[in-house]
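The first residue of the sequence shown is numbered 1, and numbering continues consecutively from there.
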Amino acid sequence: MDRRCWTCLRRRKVSGFSISAVGSGQLTAAIADAGATVIGLDSSPEMLAEARAHYPAIEFRLGDAADFSIDTPVDAVFSNAVLHWVKNADGAAACIARALKPGGRFVAEFGGHGNIQPVVDALHAVLGPVETPWYYPSIGEYATVLEQNGLEPQQAWLIDRPTPIEGEDGMVDWLAMFARFVPKDQLHNVADRLRATHYKDGIWTLEYRRLRIVARKAAI
């Protein structure tokens, strides 16, 4: 995560906080250390168990980013590197809006339009018209989703972020982790489609594009 995404939230004091996808809990803990009261949300029981073991003083909840609720609205919702896995964008935006106090802020960063497009093209070339599990909206597309669910976009960026992966099998390993719908016997075929343009001197390059968004729930 680019530190500037977190800076978008830290510009104002946060007294209550909800975050989607806690992973191992490090980012949630960093937010708590900055003075916020944090509720961590993740759909993985394994990740939650790890986060709770490392940070027992923080509240972590099992939940779906597109179908969650909290009893008391919070000042801000922060999400990093998760919403491109949530195809029900309207459901997620509606939950986020309900979780916020009037005037509350939503800050997020996730895969945006064109993210890993060469990988997607290679997948289609090898597997045919397969449906991927990813949601990579444009700024305009996602702004519409937010507006339709009561959130006012205030700032948005689409950021190119080429990302290196080291090792001869780096692309195969990445596909095995993040594109689990690909049959194992096709992983090398997909990687071979990308080798000429995305592998040099032992390093693969993934063409990440990140959508960073700052939005606000209208004050009453």
Side-chain angles (χ1 to χ4, degrees), residues 1-9 19-24 26-27 42-44 47 65-66 78-89 92-93 106-146 153 155-215:
M1 178 197 70
D2 192 309
R3 297 291 297 182
R4 287 171 291 185
C5 184
W6 170 224
T7 300
C8 290
L9 189 61
I19 181 170
S20 296
V22 303
S24 61
Q26 292 178 338
L27 179 56
D42 201 302
S43 62
S44 167
M47 287 290 95
F78 179 77
S79 179
N80 179 59
V82 62
L83 292 176
H84 53 254
W85 293 101
V86 183
K87 286 198 165 184
N88 183 5
F106 169 51
V107 177
E109 185 173 298
F110 58 102
H113 180 68
N115 189 59
I116 60 164
Q117 189 60 50
V119 174
V120 174
D121 293 342
L123 287 167
H124 289 157
V126 172
L127 302 177
V130 63
E131 182 178 356
T132 71
W134 308 307
Y135 168 65
Y136 299 140
S138 66
I139 288 175
E141 179 183 353
Y142 198 65
T144 298
V145 169
L146 295 179
Q155 293 178 293
W157 302 262
L158 192 59
I159 305 161
D160 289 318
R161 192 176 296 159
T163 300
I165 303 176
E166 295 185 1
E168 173 73 20
D169 292 326
M171 183 62 70
V172 169
D173 293 341
W174 186 93
L175 290 166
M177 179 174 292
F178 296 110
R180 295 181 181 178
F181 60 93
V182 180
K184 290 184 178 180
D185 61 356
Q186 296 294 335
L187 292 173
H188 284 278
N189 292 335
V190 176
D192 288 343
R193 284 267 178 176
L194 297 161
R195 184 176 297 275
T197 53
H198 291 76
Y199 182 71
K200 184 177 180 180
D201 298 331
I203 297 176
W204 295 87
T205 300
L206 279 169
E207 295 175 356
Y208 279 3
R209 299 190 86 200
R210 280 343 206 193
L211 175 60
R212 184 183 301 157
I213 192 91
V214 179

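At a cut-off of 3.5 Å, with distance as the only test, no side-chain donor of Y136 or Q117 sits close to an acceptor on the other residue.
Scanning for ring-ring contact (aromatic ring centres under 6.0 Å, His included) contacts around Y135 gives an empty result, with sequence neighbours left out. Partners of F181 by ring-ring contact (aromatic ring centres under 6.0 Å, His included), not counting sequence neighbours, listed by chain and number: W134.
The side chain to side chain contact (heavy atoms under 4.5 Å, CB included) test with P137 singles out one residue from L158, I213, L211, T144, and that residue is L211. Remark: of the listed residues W85, Y142, Y208, F78, Y142 is the sole one forming a ring pair (Phe, Tyr, Trp, His ring centres under 6.0 Å) with F110.
Considering only heavy atoms from C-beta on, V214 comes within 4.5 Å of W157 through its side chain. Contact annotation: the side chain of I165 never approaches that of I203 to less than 4.5 Å [non-hydrogen atoms, C-beta and beyond]. By the 4.5 Å heavy-atom criterion applied to side chains, L206 and H198 are not counted as neighbours. Taking the side chain as every heavy atom from C-beta outward, V130 and V182 never approach each other to under 4.5 Å. Taking the side chain as every heavy atom from C-beta outward, P118 and E207 approach each other to under 4.5 Å. A heavy-atom distance below 4.5 Å is found between the side chains of M171 and L194. Using a 4.5 Å heavy-atom cutoff, the side chains of P183 and L127 are in contact.
For the atom pair N115 CG and R210 CZ, the distance stands at 5.0 Å (nearest 0.5 Å).
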